[in-house]
Amino acid sequence: MKAFKPVRGMRDFLAEETSLMRFIEGKARKIAKIYGYKEVITPVVESYELLAAKIGEEMRSRMFVFKDLGGRDVALRPEFTASVARLIATTLRTEPRPLRIFSFGSVYRYDEPQKGRYREFWQSNYELMGSNMPEADVEILMLTNSLMESVGLKNYVFKIGHIGVLRGIFNQEGLGEKTQNAIMQLMDKKQYEEALKIVEDAGASKKCISTIQELVKLKGREVFTIAEKLRKLVEGYEKAVEAVKNFYEILRLIRESGCKMDVIVDAGFARGLEYYTGIIFEVYVPEFDIALGGGGRYDHLIELFGGEPTPAVGVAHGIDRIMLAMQMQKATVERTERAVMVIPVEEGLKGEALKISQMLRTADIPVEVEVMGRKVTKALEDADRRKMEYAIIVGGKELKEGAVVLRNLKRREQKTVKLEEIVNELKGHGD
Ligand code: HAM
C-alpha cells in the first residue's frame with residue numbers, strides 16, 4: 001500500500017505540540033473555572049440547517065457538509081456558538097439566567113491551508129447568555145485578556161468595533177438583511193470600495209454614503225475621542241446613536257475595571273458571522289497578521305432557534321494560532337514533571353525495577369522503565385537523549401542495603417539513596 005499522509009488541511013500533533021496545546025487547554029479551563037463558566041460537550045456533527053443559519057455566506061460555503069446514512073443533512077461544526085445557542089433554546093431553556101458556558105474542542109472549516117489556517121483547528125469558547133448589560137461584554141473581553149496573559153503572550157491588542165452602529169444606519173436607510181450581510185462580508189475583508197458600491201446600488205442616501213466613508217476612517221487608540229467623533233458622525237440615525245452609547249459605556253467600563261488592555265477602536269470593523277448585533281472584537285499580536293481570537297454580542301440567535309429572547313455575548317480563542325504566537329514570542333511553558341528512568345543493572349533485577357517504578361508512580365512521579373534490555377551505559381545515554389531528569393540504577397550491591405543509585409542526568413551527579421527516602425528525594429529536587 002502507498003504511504004498515507006493526513007488529508008490536506010489536517011495535521012498530526014506530535015508529542016511536543018500536543019503538550020503545548022494541552023498546556024493552553026489547561027489555562028483555558030482554569031479561566032473558565034475562575035470566571036464561573038461551566039463546561040459542556042456538544043456533538044461535532046450537527047444539523048446543517050442549525051450550523052448554517054447565521055454563520056454568514058463565506059463560512060457557510062466552507063463547511064464540511066454531508067448526508068449521514070439516514071439521509072440527514074449534517075455538517076461538522078465550524079464553531080461552537082450555534083450548538084450552545086441550540087442548548088439554551090431547548091434543554092437549558094428554563095435555567096436561571098445568566099448562563100455561563102465553556103466548551104473546548106476541534107472545529108472544521110474548509111479554509112485555504114496556510115500558516116495559522118487549518119481545516120481542523122481548536123477553539124476554547126465562552127458564552128455568557130441572558131444579559132444585555134455592558135458589563136457582560138466587558139467580562140468576555142477580560143477573560144480573553146486573562147487567557148492571553150496566562151499563556152505568557154505579550155503586546156497583544158484588542159481591535160473593537162460595534163456592528164450595531166452599522167446595522168442602525170443601514171436599517172434606517174431601509175436596506176434589507178441580505179444586502180446588509182453582503183456589505184458586512186466585504187467590510188470584513190476591508191473591501192470598502194466594493195461594500196460602498198452595494199450601499200449605493202441599494203438606493204441608500206448621499207448622507208449614508210458619506211457617513212460610511214467617514215466612519216471607516218475612525219480608528220485608533222484614543223478610544224473616547226473616536227467614540228465621540230463616531231457619535232457626532234451618526235447623528236440622525238437613532239439606533240446607531242444608541243449603539244455608540246453602548247460602545248462608549250463598554251469602553252468606559254474597560255477603563256474602570258483597571259484591566260490593562262491595549263484597545264484599538266475600529267469603527268469600520270465587521271466580522272463575517274451574521275449573528276452579531278453589538279460589539280465585535282478580535283485579538284492580535286504584532287508578530288502575526290491573523291486573529292488569535294474573536295467574538296462579540298449576538299442578541300437574537302437563541303430566539304431564532306425557538307428559545308426565549310436571550311441576549312448573549314461570547315468569544316472563541318484559536319488555540320492553534322495561540323500556539324504559533326507563543327512559539328514566535330518564545331513564551332515559556334512551565335514544566336513541572338520530573339521524569340525518571342529506572343534501569344536494572346542485570347536480568348535478575350527486572351522484577352525489582354518494576355516494583356520500584358510502581359512505588360514512584362503511586363507517589364505521582366512519572367516513571368519509565370528500561371524495556372529494551374540495554375546495558376546501564378546505553379540506557380543512560382537513551383534517558384539523556386529523551387530529556388529524562390533522573391535515572392534510578394537498580395544494582396544488587398545497593399539493594400542488599402535497601403538502596404539504589406539515584407543519578408541526576410542534568411547535573412551528571414549520583415548518590416546512593418535508601419528506598420524509603422527515594423520519593424522525598426525526588427520530590428524535593430529541582431524546585
Ligand atoms: P471566529 O472569529 O470565526 O469566531 O473564530 C474564532 C477564532 O478561531 C479566530 O480568531 C481564529 O483564532 C480561529 N480560527 C478561525 N479559523 C481558523 C482556521 N482556519 N485555522 C485556525 N484557526 C482558526 C467564532 O468562531 C465565533 N463562534 C466566536 C464567538 C463566540 N462569537 C460569539 N461567541
Side-chain angles (χ1 to χ4, degrees), residues 8-11 13 21 24 28 37 42 46 50-60 62-64 76-88 99-129 136-137 139-141 143-144 147-148 151 153 156-161 163 184-185 188-189 269-285 288-302 310-326:
R8 185 165 151 77
M10 307 285 168
R11 297 171 297 154
F13 281 78
M21 135 98 82
I24 304 169
Y37 286 66
T42 54
E46 292 265 17
L50 171 93
L51 297 174
K54 278 280 177 184
I55 190 114
E57 196 41 51
E58 164 105 19
M59 248 191 256
R60 196 176 296 131
R62 291 176 187 272
M63 277 205 283
F64 282 83
L76 302 184
R77 63 182 177 206
E79 57 149 3
F80 286 100
T81 309
S83 302
V84 179
R86 170 181 60 70
L87 267 184
I88 309 301
L99 273 155
R100 291 184 169 91
I101 306 272
F102 166 69
S103 304
F104 189 96
S106 56
V107 293
Y108 301 83
R109 296 180 194 174
Y110 204 78
D111 281 341
E112 195 46 38
Q114 52 188 280
K115 188 173 179 187
R117 206 177 289 280
Y118 312 103
R119 290 181 178 168
E120 177 184 59
F121 58 98
W122 297 71
Q123 287 187 338
S124 58
N125 189 86
Y126 305 76
E127 310 288 354
L128 171 44
M129 306 171 121
D137 303 68
E139 176 173 309
I140 289 291
L141 290 163
L143 72 78
T144 299
L147 180 66
M148 300 297 151
V151 299
L153 286 176
Y156 50 88
V157 181
F158 285 80
K159 178 166 93 172
I160 312 188
I163 218 69
M184 301 298 180
Q185 295 278 335
D188 179 30
K189 294 196 200 116
F269 173 38
R271 279 167 49 76
L273 293 152
E274 281 167 10
Y275 46 63
Y276 291 121
T277 55
I279 63 145
I280 49 168
F281 67 94
E282 283 175 348
V283 191
Y284 290 87
V285 279
F288 211 12
D289 62 356
I290 45 183
L292 305 187
R297 170 165 289 283
Y298 55 102
D299 284 347
H300 305 310
L301 190 63
I302 296 154
T310 309
V313 56
V315 62
H317 307 122
I319 306 302
D320 310 67
R321 293 188 189 171
I322 293 177
M323 285 169 68
L324 283 170
M326 287 173 70

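Numbering of ligands and ligand atoms starts at 1, following listing order.
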Just do the side chain to side chain donor-acceptor pair (under 3.5 Å) check on Glu139 and Tyr37 with the steps written out, would you?
CA-CA 11 Å; Glu139 176 173 309; Tyr37 286 66; 2.6 Å; yes
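Among Ile280, Thr81, Val313, the residue whose heavy atom lies closest to atom 30 (C) of ligand 1 is Thr81. Residue nearest to atom 7 (C) of ligand 1, selected from Glu127, Glu79, Gln123, Arg119: Gln123 (by heavy-atom distance). Closest heavy-atom approach to atom 10 (O) of ligand 1 within the set Ser103, Gly314, Gly293, Gly296: this belongs to Gly293. Atom 24 (C) of ligand 1 has its nearest heavy-atom neighbour, among Val84, Val315, Val107, Leu273, in Leu273.
When the shell of 6.0 Å around CZ of Phe64 is examined, it contains more than 12 heavy atoms from other residues, nucleotides or ligands.
In the vicinity of Met59, heavy-atom distances shorter than 4.0 Å reach the ligand 1 atoms 3 (O). Of all the atoms in ligand 1, the ones that sit under 4.0 Å from a non-hydrogen atom of Gly116 are 20 (N), 21 (C), 22 (N). Close contacts of ligand 1 with Gly295, meaning ligand atoms under 4.0 Å from a residue heavy atom, involve 31 (N). Short contacts between ligand 1 and Asp111, defined as distances under 4.0 Å to a heavy atom of the residue, involve ligand atoms 16 (N), 18 (C), 19 (N). Below 4.0 Å from some heavy atom of Leu292 lie the following atoms of ligand 1, by number and element: 10 (O), 12 (O). Residue Ala291 approaches ligand 1 through these ligand atoms, each under 4.0 Å from one of its heavy atoms: 10 (O), 11 (C), 12 (O). Close approach to Asn125 involves these atoms of ligand 1, each under 4.0 Å from a residue heavy atom: 30 (C).
Between Tyr275 and Tyr298, the ring centre distance stays below 6.0 Å. Taking the centre of each ring, Tyr156 and Tyr284 stay at or above the 6.0 Å mark.
Tyr276 and Arg271 share a side-chain donor-acceptor pair at under 3.5 Å.
Ion pair Arg100/Glu127 not flagged as a salt bridge, since none of the NZ, NE, NH1 or NH2 atoms sits closer than 4.0 Å to an Asp/Glu carboxylate oxygen. By the 4.0 Å N-to-carboxylate-O rule, Glu57 lies too far from Arg62 to be salt-bridged with it.
Polar contact with ligand 1: present for Arg109 (N/O pair, distance under 3.5 Å). In terms of polar-atom proximity, defined here as any N/O pair under 3.5 Å, Tyr298 makes no such contact with ligand 1. Between Phe121 and ligand 1, no N or O atom pair is found at a separation short of 3.5 Å.
Relative to the ring axis of Phe281, Lys159 does not place its NZ or CZ within 45° and under 6.0 Å from the centre. Because its NZ or CZ atom is not both nearer than 6.0 Å to the ring centre of Phe121 and within 45° of the ring axis, Arg321 does not count as a cation-pi partner of that residue.
Remark: distances from the non-hydrogen atoms of Phe80 to ligand 1 are all 4.0 Å or more. The closest approach between any non-hydrogen atom of Tyr276 and ligand 1 is below 4.0 Å. Under a 4.0 angstrom heavy-atom cut-off, Asp320 registers as lying outside contact with ligand 1.
In this structure, atom 1 (P) of ligand 1 lies nearest to the protein heavy atom Arg271 NH2, 3.6 Å.
Side-chain contact between Arg86 and Thr42 is present, with at least one heavy-atom pair separated by less than 4.5 Å. The side-chain heavy atoms of Tyr126 and His317, taken from C-beta on, include a pair separated by under 4.5 Å.
Contacts between Tyr275 and ligand 1, counted as non-hydrogen atom pairs separated by less than 4.0 Å, involve the side chain only.
Taking the six-membered ring where the residue is Trp, Phe13 and Trp122 present perpendicular rings, their angle passing 60° and hence far from 30°.
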